[in-house]
Every structure is written in C-alpha cells, then in structure tokens.
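Please read the structure below before turning to the comments.
Just so you know, these numbers use all the heavy atoms, side chains as well, and skip hydrogens, waters and symmetry mates. In what follows, chains carry the letters A, B, and so on, assigned in the order in which the sequence lines appear, proteins first and then strands, with residues in each chain numbered from 1.
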There are 2 protein chains.
Amino acid sequence: MSPSEADSALPAGGGAFLLTQLGTHAAQAFAERIAELDLTPPQAGLLRAVAFGPGRSQQALAQQLGTAPTRLVALVDGLEQRGLLERRRNPGDRRLHAVHLSVAGEAVMADIGRVSRDHNDAVLSALDPAEREQLRALLARVATDRGLTPGVHPGYRTLSAADPGSPSREDRATY
Amino acid sequence: MSPSEADSALPAGGGAFLLTQLGTHAAQAFAERIAELDLTPPQAGLLRAVAFGPGRSQQALAQQLGTAPTRLVALVDGLEQRGLLERRRNPGDRRLHAVHLSVAGEAVMADIGRVSRDHNDAVLSALDPAEREQLRALLARVATDRGLTPGVHPGYRTLSAADPGSPSREDRATY
DNA sequence: TATTGTTATACTCTATAACTATA
DNA sequence: TATAGTTATAGAGTATAACAATA
C-alpha cells in the first residue's frame, strides 16, 4: 500500500491533530513562562487552587487537582520551604493540615495571573478579539460535547505520547 | 488578595487554556483508540513514518520523528518482533538498517488510518462540517503564527505538566 | 476502625553515555 | 576517524503500598 492510500483522509491534517499539536505547544509555552517565576505548572496550579480556596486540607486539594494525595505532599513541601505556602494545624481535627498562602505566596499569585494573561495573548496573537471569541466558542462546544468540565483539564498524567505519532514535514504532502 | 483579584482575567477560561485542555483530551482519546490495535501513539507514529518513507535508516527516522536514535531502537525492536516492521541490511553500507513495513504492517497501517479518521470525527462530533473547517482554519493560523509546522507536533516529550495547573470546577466561577 | 498525612518503594519513560561494527 | 546501531546506566516523574498520628 502506498502512503497516500494508508492515510488518505486527514490523520495529521485534521482538527483533532491540530488540537493535539497546539495543546502541546500551549502547555509547553506556559511551562516556559511560568519557569521565569521558578515554578512548574503543577506548582502554579496548586498555588492557584489554594488562592481560590484557602485553608483546605491536602486531601481536598488532591481531589480537586485530580492527583494522588501523596503527590501533593512533595508539592506542598517545596512551596512551603520557599515560603509561599503555610501548613496550619486545625485545632478541631488535628489530623488536617489547612493550607494557606503566605504573604509572599499572594504576591507570586499576582505574578502568575500576569503570566497567564500574557501567555494567553501570546498564543492567540494571530487572532483578533472577534476571532478569539469565535475560537473560544467552538472549543467550548467541543469541550462540552466531549464531557470536559471547563476549567478542569486531564492534567497530562496518564499521557504516554502524542496523536498520530510525529509525521513531520514530508508527510504533509499526503496528509 | 482574593482569588478573583488574583486571576481576574481568564487563566483557566481563555483560549490558551482550552487548547491545552482539549489537546490533552485529543491525545488521550487517540491513545485509547490506538490501544485497541495494541499500539501506543509513538508506535503508530513510527509505522506511519515508515509507511510514508519506506527503507530509510533509523537515524533518518529518528530525526524526522524528533526523537533520539536510541529511543527508536526499542520501538523498532517491538514492532519487528510483532512482525510489523522489517530491518533490512543495506548492501551498499552495511551499517545502515533499512526499515520497511511487512505485509502485516501494511494491514495495520490501514487500521491506523481508519482509527485516525474515527478519532477525528469523534473529537469534533459537536461541529458540523462548516464549523470544523472554521475551527481548522483558526487553529491553522495560530499554529503558523506560533511557528509550528503543520503535521509536526512537539511530541509531548519535554512536557512536565499542564497549563495553569488544574483549577477545577470551583474555580470556574472566577476564571 | 477509619482517616489525614507521611514515608518508602517500585515502575515507567526518557535521556546520556559507553560499546560494536562497519566505513 | 567518523558514523549507524546497540546496550547499559541513570535520571525525572509518578503511582502503589505501608506506616504514624489522630479521630
């Protein structure tokens, strides 16, 4: 079989492939930007979660972030050592650690907000405001249809690799 | 600072976040579909690359796929043991292994093409053909603007995690 | 006994470096 | 000596399971 027979339709040219490609790119670009704050994306996500709902237990945070409680320990450890998070004992139930932002942590949160907005603008710089809204609306419909709760993404946890491999330049001709 | 101040704009609601979210979802969905053929996405990508350009060396394939030559060895090993790929010695330069699809490999390639098309249809099922094309056009412009060669994606290799963490349902209100 | 948090262990994936065989 | 392929080693990241403290 010839290559053009093998995948005549659009494996690497279809919308699903573009979504995979751009999703990867967006995640990488965000990781690079957030690295300027000496943060990883998971760390930024944890800070954001704590900022939104201060004083929650690590169990609650783990459930919200969709990660194992054991993973949260190391994350909180690192951010606590850097003085961005605080563990506070709960007098009512001393098993719980209420996680709060420190003052420094709140300052970093403001930085994260700026970085996120810059990131969004950079990724979508090719589109004007109307087009961005158009794209947003289409993506939101796909996300809803696919059962993705807006604001909650899978988290790249069980991800092994990519879409239809990495076809590359040469393949474009046929795809 | 209150959460709504911290990220007033759109960190988890903007187009960039949606791209990350849907990109992850599309990659996972493809991985699940291709697993029905007992393949991983990297394996499918390698088969596709070989199908498009048969007889190339592992070095050439590694460069095209954007991966280290050492990683390709194990990939080719597995697919050769399953009888889908063949290593053929090059009489001219016996250091090279020309990689070819076997007959069984060509049959699997046809399956991959079907799976890829089904995957694309499923992911975009919320949109009618005109809307799919609209989305495709917008994504293609963003991809070009960001310097991504169509058909070649990063490959989820250096990916550490996700966009702005995993904000989750509760955050939607503010985001 | 159940639950929160922690620690220890193992497993997967990938990257780096050393080795061989050919040239 | 330089290159293609291979093997071996190690590193990052994550998941699983056992453990200690508290309820």
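Across the protein-nucleic acid pair, B:L65 atom CG and C:dT14 atom P stand 13 Å apart, rounded to whole Å. Between A:R71 atom CZ and C:dT7 atom P the separation is 17 Å, expressed in whole Å. The CD-C1' distance, from A:Q59 to C:dT3, rounds to 7 Å in whole Å. Atom CG in B:L96 sits roughly 10 Å away from atom P in C:dA23 (whole-Å rounding). We find that CG of B:L72 is positioned 15 Å from C1' of D:dT7, with the value rounded to whole Å. Here C:dT22 presents its C1' atom at 15 Å from CD of B:Q58, a figure rounded to the nearest Å. Note: CZ (A:R56) to P (C:dT4) measures 14 Å, nearest angstrom.
When the local axes at the two ends of the helix from C:dT1-D:dA23 to C:dA23-D:dT1 are compared, using 5 base pairs at each end, they differ in direction by 30° after rounding to 10°.
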Query - Full working for side chain to side chain contact (heavy atoms under 4.5 Å, CB included) between B:L75 and B:L61 - result: CA-CA 11 Å; B:L75 274 172; B:L61 288 168; over 6 Å; no
Requested in this report: Start with the C-alpha distance between B:V99 and B:E86, add both sets of side-chain angles, then the distance that settles side chain to side chain contact (heavy atoms under 4.5 Å, CB included), and finish with yes or no.
Outcome: CA-CA 6 Å; B:V99 183; B:E86 292 176 9; over 6 Å; no
Requested in this report: Report the C-alpha distance between B:L19 and B:L139 in whole Å, list the side-chain angles of each, state the deciding distance to 0.1 Å, and finish with yes or no for side chain to side chain contact (heavy atoms under 4.5 Å, CB included).
Outcome: CA-CA 10 Å; B:L19 277 178; B:L139 293 177; 3.7 Å; yes
Query raised in the report: Stepwise, does the side-chain hydrogen bond (donor to acceptor under 3.5 Å, both in side chains) test hold for A:H119 with A:R33?
Result: CA-CA 7 Å; A:H119 164 66; A:R33 275 183 187 268; 4.6 Å; no
**Report entry** Test side-chain hydrogen bond (donor to acceptor under 3.5 Å, both in side chains) applied to B:R95 and B:S57, step by step
**Finding:** CA-CA 9 Å; B:R95 293 173 303 181; B:S57 72; over 6 Å; no
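In the region residues 79-87 of chain B, proximity to DNA chain D at under 4.0 angstrom, judged on heavy atoms, holds for B:R87.
No side-chain donor-acceptor contact under 3.5 Å links B:R132 to the backbone of A:G14. Side chain of B:R82 to main chain of B:L79: no donor-acceptor pair is present (N/O by atom type, distance under 3.5 Å, no hydrogens or angles). Without hydrogens or angle criteria, A:S102 side chain to A:G83 main chain gives a donor-acceptor distance under 3.5 Å.
With C:dA15, D:dT6, C:dT7 as the choices, the nucleotide that has an atom nearest any side-chain atom of A:V73 turns out to be C:dT7. For B:D77, the side-chain atoms get nearest to D:dT7 when compared with the rest of D:dT16, D:dT7, D:dA4.
Once rounded to the nearest 0.5 Å, the distance linking CG of A:L65 with CG of A:L72 reads 6.0 Å. Once rounded to the nearest 0.5 Å, the distance linking NE2 of A:H97 with CG of A:N90 reads 10.0 Å. Within the model, atoms CZ of A:F30 and CG of A:N120 stand 11.0 Å from one another, a figure rounded to the nearest 0.5 Å.
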Please list, for nucleotides 17-23 of chain D, all pairs of protein and nucleotide N/O atoms separated by less than 3.5 Å.
{"residue": "D:dA23", "atom": "OP1", "partner": "A:R94", "partner atom": "N", "Å": "2.9"}

